[in-house]
Structure formats: C-alpha cells, structure tokens
Asks: 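Handing you a structure now.
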Amino acid sequence: MPEEVAGLVAAAQAGDRKAFDELVRVTYLDTYTLAYRLTGNEEDARDVVQEAYLRAFRGLKRFRGEARFSTWMYRITANCASTHLGKRRRHRHEELTDEVVDELHSGADPEASLEADSLRAQLQEVLRGLPPKLRAVVVLRDIYDLPHEAIAAELGISESAAKVRLHRARRKLREDLFPMPADDDACNDRDAHAV
Amino acid sequence: MQYEVLNCEDVADVLADCARGESALPVEARRHVEQCLRCQAEVVQYRKLLRALHKMRTELLEPAPGLLAEVLVGLEVAGERQALRSALAGKKVAYIGGIAAAATAAAAGGAIVLVRTRARRLAS
Ligand SMILES: [Zn+2]
C-alpha cells in the first residue's frame, strides 16, 4: 500500500487528476476515521474530510516525499478539525474550554456499560467523553504517533501546552477506565493539585 | 547522596511517558515508584491504556454511504475552478503579450520611419 500511494502521489503531483482521485479512494477511510475521532460525530467528520482533501489537492505540490503521505494527511486533517471545531464553538457562542466535565458516566445506561465489557469498547466510550481539545492531543499522539511539535503546530498551540493537555487526557482516560476503589490511600494528594 | 523526596503527584505526569517508553524515569521518581504500590499500579494501567490506543491505529470506521462521492465531486469542482483560473491567467498573459508585441512593432515601425527620414535628409 505505501508504494501504491507513493506512485499515486507522484502521478498526482505531475498533474494527473485521476491519480489524485485514486489517492482519495485508497486513503479516505483512514482520513475519515481520524476526523471522526477528533470531532466525535459523523457530520463534522464528513465536513473535515472534504476540507482536508481540498487542502491536500491545493497543496500537493508542496508535499515532499520525506514524510509519508498518510502522516501529511493526518496533519492536514488535524488542522482542519481544529479550525472546524473552533468555528463551530464560536458560532454557538460556546466558551473555548478544555475543562473536563465529569458527566461522562452519569447519563450512561448501566446495561450498555455491562455490554462494553472489553477494554477497547470502554476506551472508545471514554475517549468520546473527553473534551475535544484533550481528545485531539491524545488521539494524535497515542493513536497516530505524531510528534509533539507537529501536534502543537496543527492545533495552533505551544508544544508545552500540547504536553500538558496530553498528560491531562491520559490521566482522565486512565481514571475512567480503571476507577479507583474508595480512597484510603495515604499517598493521595493528587486531586488537590489537579488543574 | 541526597535525593529529593517526591510524592505521587510529583511523578504523576511522567508515569505515562515512562509506560510509553518515551523517557526513562528520573532517579528521584524511580525511587518513589519503587516504594509506591499505587504508582506501580498506575504504570501498569497506563501500559494497558497505551497499548489499547495504539491498536486503534489499524481500525477503520465506516462512514454512512456517499462520502467518497461527495469528496470526489468537491475535488472536481475545485479542479475546474483551478483550470478556469489558470486559463484566465493564460489569457491575461496572452493579452499583455499582445500589447507588448504591438508596442514593439510600433517602436520598430517608428525606427524604420526615422531611418527613412534620415536617409531622405542625407540624400537631399
Ligand atoms: Zn506514588
């Protein structure tokens, strides 16, 4: 697949429109999956995929073969998702916040929780419950393996802010996946410091 | 040798990095974790979490039908616009080129007239 993609990229860069269409065909499920994980819903994910391929099409000449095409597409998708979600929030006059809201499980159907018996299924659920800003960094870092500086650049934040968000996201995911029994541990002063 | 004594909160952020293999635990943090069952349990939990996240990389989600067609149509429209823009830009170049050619011709014509005038003057 990577060689096939590389060939298509080269042809598309040389102006072959059909090759770019084919490139979309072989990569769009991957792009959609990332867009869905970043936005958390189908409608936004579709918009992001559209926009990402338009940007890729316009910027294809700038793509250098050193990076993989998939990584380049992830970065464009991350950037589009960040812009898209930012616009949406402004539109709805919502405050840009990355506060963790602890209502993830409050409305959850206990039977549904029982069904989500595998770690993977639970992970999908707790991931969806993360605030978009925290979700974005953990998805890009721990699922798609993008470097910190790329994540920071595409989300328009500093590298240290990206790392802080990553720590918060991982901690929240761990706490949701492996809830602690009632605290009787002397070594427990964490919540007092939690940001 | 004196080591700073750390508590769970102090090492919390580095546990996941360490579980991911991104960085080794600093000496002080390692001393805390070696003695703290809670932090050891957290490292194990982070390993499980990170492994599960890593596995998600190969999973593909299936969109409702029509997405591929929507993207391809969007690209076609963008491609046509781009072609139109470059065609217009091409025409603009041709137009400017035409003006330049006309100006050159006019200048050359002027030069010929000038030469003839000088020739006539010399003859007379
Ligand atoms: Zn500890």
Side-chain angles (χ1 to χ4, degrees), chain A residues 17 20-21 24-25 28-37 42-43 45-47 49-54 56-58 118-120 122-124 126-127 138-139 141-145 148 163-164 166-171 173-178 180 185-194, chain B residues 6-20 22-23 32-33 35-83 85-86:
Chain A
R17 265 303 317 275
F20 193 82
D21 284 358
V24 175
R25 206 164 276 130
Y28 86 101
L29 286 180
D30 202 18
T31 305
Y32 170 78
T33 301
L34 171 58
Y36 188 91
R37 283 180 177 146
E42 164 113 27
E43 195 193 334
R46 290 176 93 96
D47 288 346
V49 170
Q50 277 269 9
E51 179 61 25
Y53 280 111
L54 283 175
F57 177 65
R58 292 190 200 114
S118 75
L119 180 68
R120 215 187 65 199
Q122 287 176 49
L123 180 57
Q124 306 266 20
V126 294
L127 204 51
V138 80
V139 163
R141 180 72 194 133
D142 290 334
I143 302 180
Y144 291 88
D145 215 25
H148 292 291
K163 282 181 186 168
V164 168
L166 181 66
H167 288 144
R168 292 186 60 197
R170 284 170 173 170
R171 187 190 286 196
L173 290 177
R174 184 186 54 72
E175 287 169 353
D176 284 343
L177 281 178
F178 309 101
M180 284 276 183
D185 196 330
C187 198
N188 176 33
D189 54 352
R190 241 170 233 191
D191 294 337
H193 297 273
Chain B
L6 300 180
N7 60 29
C8 296
E9 179 58 28
D10 297 325
V11 302
D13 284 348
V14 293
L15 293 183
D17 290 342
C18 154
R20 198 183 193 271
E22 259 177 8
S23 57
H32 170 84
V33 175
Q35 297 161 19
C36 177
L37 289 178
R38 181 187 175 129
C39 283
Q40 287 168 24
E42 287 189 10
V43 171
V44 173
Q45 289 170 350
Y46 274 127
R47 270 196 202 121
K48 284 185 189 161
L49 166 66
L50 292 163
R51 214 178 296 137
L53 284 167
H54 188 70
K55 277 193 188 145
M56 287 175 79
R57 172 67 192 82
T58 49
E59 291 169 16
L60 291 177
L61 304 175
E62 189 75 43
L67 178 62
L68 178 62
E70 283 164 30
V71 174
L72 293 180
V73 167
L75 284 168
E76 204 176 318
V77 173
E80 275 162 15
R81 273 198 207 132
Q82 204 173 52
R85 258 200 303 273
S86 37

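Proteins come first, then strands; the chains are lettered A, B, ... in the order of their sequence lines, and each starts at number 1. Worth knowing before you read on, the calculation uses all heavy atoms, side chains too, and leaves out hydrogens, waters and symmetry mates.
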Asks: Kindly write out the residues that satisfy ring-ring contact (aromatic ring centres under 6.0 Å, His included) with F57(A), not counting sequence neighbours, or none if the list is empty.
Replies: F20(A)
Asks: Do D13(B) and R170(A) sit within salt-bridge range, that is, some charged N less than 4.0 Å from a carboxylate O?
Replies: no
Asks: Give the minimum heavy-atom separation between L119(A) and A52(B), together with the two atoms involved.
Replies: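 The answer is CD2-CB, 3.9 Å.
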Asks: Quick one: do D30(A) and R57(B) make a salt bridge, cutoff under 4.0 Å?
Replies: yes
Asks: Heavy-atom cut-off 4.5 Å, strictly under: side chain, backbone, both or neither for V138(A) against chain B?
Replies: side chain
Asks: Taking atom CG of L60(B) and atom OH of Y28(A), what is their separation to the nearest 0.5 Å?
Replies: 10.0 Å
Asks: Which atoms of R17(A) are under 4.5 Å from chain B, going by heavy atoms: the side chain, the backbone, both sets, or neither?
Replies: side chain
Asks: Taking C-beta and beyond as the side chain, do T33(A) and E59(B) meet within less than 4.5 Å on heavy atoms?
Replies: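 The answer is no; the side chains never approach within 4.5 Å.
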Asks: Contact part of A41(B) toward chain A, heavy-atom cut-off under 4.5 Å: side chain, backbone, both or neither?
Replies: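 When you check distances to chain A, no heavy atom of A41(B) falls under 4.5 Å.
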Asks: Between D17(B) and K163(A), does any side-chain N to carboxylate O distance fall below 4.0 Å?
Replies: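 Answer for the salt bridge query: no.
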Asks: Start with the C-alpha gap between Q45(B) and L177(A), add the side-chain angles, then the distance that decides, and say whether side chain to side chain contact (heavy atoms under 4.5 Å, CB included) holds.
Replies: CA-CA 9 Å; Q45(B) 289 170 350; L177(A) 281 178; over 6 Å; no
Asks: Counting only non-hydrogen atoms closer than 4.5 Å, does L123(A) touch chain B with its backbone (N, CA, C, O), its side chain (CB onward), both, or neither?
Replies: side chain
Asks: Output the option from E42(A), R37(A), R46(A) having the highest count of non-hydrogen pairs under 4.5 Å with chain B.
Replies: R46(A)
Asks: Going from CD on Q122(A) to CG on L49(B), what distance comes out if it is rounded to the nearest 0.5 angstrom?
Replies: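 Going from CD on Q122(A) over to CG on L49(B), the span is 11.5 Å.
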Asks: Given the rule in the side chain to side chain contact (heavy atoms under 4.5 Å, CB included) test, do R141(A) and L53(B) qualify, once you have shown the distances and angles that lead to the verdict?
Replies: CA-CA 10 Å; R141(A) 180 72 194 133; L53(B) 284 167; over 6 Å; no
Asks: What part of K48(B) is in contact with chain A, defined as an atom under 4.5 angstrom from a non-hydrogen atom: side chain, backbone, both or neither?
Replies: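 Both parts, backbone and side chain.
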Asks: Walk me through it: do L75(B) and L54(A) pass the test side chain to side chain contact (heavy atoms under 4.5 Å, CB included)?
Replies: CA-CA 6 Å; L75(B) 284 168; L54(A) 283 175; 4.1 Å; yes
Asks: Is it the backbone or the side chain of R120(A) that comes under 4.5 Å from a heavy atom of chain B, or both, or neither?
Replies: side chain
Asks: Looking at Q50(A) and E70(B), would you say the former's side chain and the latter's main chain have a donor-acceptor pair under 3.5 Å?
Replies: yes
Asks: Y144(A): what forms a ring-ring contact (aromatic ring centres under 6.0 Å, His included) with it, not counting sequence neighbours?
Replies: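 With neighbours one apart ignored, the set is Y74(A).
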Asks: Identify which part of F178(A) has an atom lying under 4.5 Å from any heavy atom of chain B, answering side chain, backbone, both or neither.
Replies: both
Asks: Tell me, for Y32(A) versus chain B, whether the close heavy atoms (under 4.5 Å) come from the side chain, the backbone, both or neither.
Replies: side chain
Asks: Among H54(B), E62(B), M56(B), who wins on heavy-atom pairs under 4.5 Å with chain A?
Replies: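 The answer is M56(B).
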